[in-house]
*Asks:* 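I'd like to ask some things about the structure below.
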Amino acid sequence: QVQLVESGGGLVQTGGSLRLSCAASGSIFRINDMGWYRQGPGNQRELVATITTGGSTNYAPSVKGRFTISRDNAKNTVYLQMNSLKSEDTAVYSCNAVISKNGYSYRYYWGQGTRVTVSS
């Protein structure tokens, strides 16, 4: 019954900015690590950024200095602020989270993805 829903994707111009959100809902006891992945045309899904419960972050080299991942634990939401967007950033972005329903067992959950298209 747990689900992650992304929002904020769309069409943006090169050099522009976009903010993605991913909200987890359902029967959730605890959320540990959260992250963003993306898959562009003809490419395999790759890591974009991750963030731990404590706020430690990791970024793919291609987005360092341009993207910022953050989270609001009270809202069960993870964000991805994307600045200085390039055509290479065009992809379907999916969020994931390590979630426990009972405080005992954990597993990965994935959102359905939101499409980001960077034009010109």
Side-chain angles (χ1 to χ4, degrees):
Q1 203 163 359
V2 173
Q3 65 175 348
L4 276 62
V5 179
E6 301 96 335
S7 62
L11 178 65
V12 66
Q13 293 180 301
T14 298
S17 298
L18 208 60
R19 181 174 178 264
L20 306 182
S21 299
C22 175
S25 62
S27 182
I28 299 172
F29 182 83
R30 183 180 299 165
I31 303 177
N32 286 342
D33 295 353
M34 306 183 80
W36 289 93
Y37 287 74
R38 69 184 182 186
Q39 185 170 16
N43 298 321
Q44 293 188 322
R45 184 157 61 183
E46 64 177 348
L47 172 73
V48 176
T50 60
I51 184 168
T52 68
T53 302
S56 297
T57 59
N58 282 310
Y59 296 93
S62 59
V63 307
K64 286 182 179 178
R66 300 189 298 119
F67 290 10
T68 302
I69 187 171
S70 62
R71 63 191 290 170
D72 186 335
N73 292 331
K75 296 181 179 180
N76 289 337
T77 300
V78 61
Y79 305 94
L80 186 67
Q81 178 66 46
M82 304 184 293
N83 299 325
S84 301
L85 284 163
K86 307 174 181 179
S87 60
E88 302 93 279
D89 297 318
T90 295
V92 174
Y93 287 72
S94 301
C95 68
N96 77 291
V98 180
I99 297 175
S100 174
K101 294 182 179 181
N102 52 25
Y104 175 75
S105 60
Y106 291 80
R107 65 177 291 252
Y108 278 92
Y109 289 85
W110 290 89
Q112 82 285 4
T114 185
R115 181 175 295 277
V116 172
T117 302
V118 184
S119 64
S120 300

*Asks:* What distance do Gln112 atom CD and Ser94 atom OG have between them, rounded to the nearest 0.5 Å?
*Replies:*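 If I round to the nearest 0.5 Å, the distance is 7.5 Å.
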*Asks:* Examine Tyr37 and Tyr109 and state if one hydrophobic cluster contains both, with Ile, Leu, Val, Met, Phe, Trp and Tyr joined whenever side-chain heavy atoms are less than 4.5 Å apart.
*Replies:* no
*Asks:* Within this structure, what is the CG-OG1 distance for the pair Asn32 and Thr53, rounded to the nearest 0.5 Å?
*Replies:* 4.5 Å
*Asks:* I'd like to check Thr50 versus Asp33 (side-chain heavy atoms, cut-off strictly below 4.5 Å). Are they in contact?
*Replies:*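 A side-chain contact is absent here, since even the closest heavy-atom pair is not under 4.5 Å.
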*Asks:* Taking the side chain from Tyr59 and the backbone from Gly65, do they hold a donor-acceptor pair closer than 3.5 Å?
*Replies:* no
*Asks:* If I take atom OG1 from residue Thr77 and atom CG from residue Leu4, how far apart are they, to the nearest 0.5 angstrom?
*Replies:*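 These two atoms lie 9.0 Å from each other.
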*Asks:* Heavy-atom distance under 4.5 Å between the side chains of Asp89 and Arg38, does that happen here?
*Replies:*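 Yes. Closest side-chain heavy atoms under 4.5 Å.
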*Asks:* Are Leu20 and Val116 close enough that some pair of their side-chain heavy atoms sits under 4.5 Å apart?
*Replies:* yes
*Asks:* At their closest point, which heavy atom of Leu18 faces which heavy atom of Gly10, and how far apart are they?
*Replies:*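 Smallest heavy-atom distance, with atoms named: CD2-N, 4.0 Å.
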*Asks:* What heavy-atom pair brings Ser100 and Ser105 nearest, and what distance separates the two atoms?
*Replies:*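 Minimum heavy-atom separation between Ser100 and Ser105: OG-O, 2.9 Å.
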*Asks:* Is there a side-chain contact between Cys22 and Tyr93, using heavy atoms and a 4.5 Å cut-off?
*Replies:* no
*Asks:* Are the side chains of Ser21 and Lys75 in contact, using a 4.5 Å heavy-atom criterion?
*Replies:* no
*Asks:* If we ignore hydrogens and angles and just use 3.5 Å, is the side chain of Thr14 paired with the main-chain N or O of Ser120 as donor and acceptor?
*Replies:* yes
*Asks:* Backbone N or O of Gly113 within a donor-acceptor pair of the Glu6 side chain at under 3.5 Å?
*Replies:*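 It does hold such a pair.
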*Asks:* Rounded at 0.5 Å granularity, tell me how far CZ in Arg115 sits from CG in Leu11.
*Replies:* 11.5 Å
*Asks:* Kindly compute the distance separating CG (Leu47) from CH2 (Trp36), expressed to the nearest 0.5 Å.
*Replies:* 13.0 Å
*Asks:* Hey, what do you get for CD1 (Ile31) to CG (Asn76), rounding to the nearest 0.5 Å?
*Replies:* 4.0 Å
*Asks:* Minimum heavy-atom separation for Ser70 and Val78, please, with both atom names.
*Replies:*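 Smallest interatomic distance, heavy atoms only, reads O-CG2, 3.2 Å.
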*Asks:* So do Ser25 and Val5 actually touch side chain to side chain, heavy atoms under 4.5 Å?
*Replies:*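 In short, these two side chains do not touch, never coming nearer than 4.5 Å.
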*Asks:* Do the side chain of Ser87 and the main chain of Val118 share a donor and acceptor less than 3.5 angstrom apart?
*Replies:*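 Checked: no pair found.
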*Asks:* Which atom pair, heavy atoms only, marks the closest approach of Ile99 to Ala24?
*Replies:*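 Taking every non-hydrogen atom into account, CD1-CB, 4.3 Å.
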*Asks:* Quick check: closest heavy atoms across Ala49 and Leu80, and the distance to 0.1 Å?
*Replies:* CB-CD1, 4.4 Å
*Asks:* Counting N and O atoms only, with roles assigned by atom type, does the side chain of Arg71 sit under 3.5 Å from a partner on the main chain of Thr52, one being a donor and the other an acceptor?
*Replies:*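 Yes.
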*Asks:* What are the two closest heavy atoms between Ile69 and Met34, and how far apart are they?
*Replies:* CD1-O, 4.2 Å
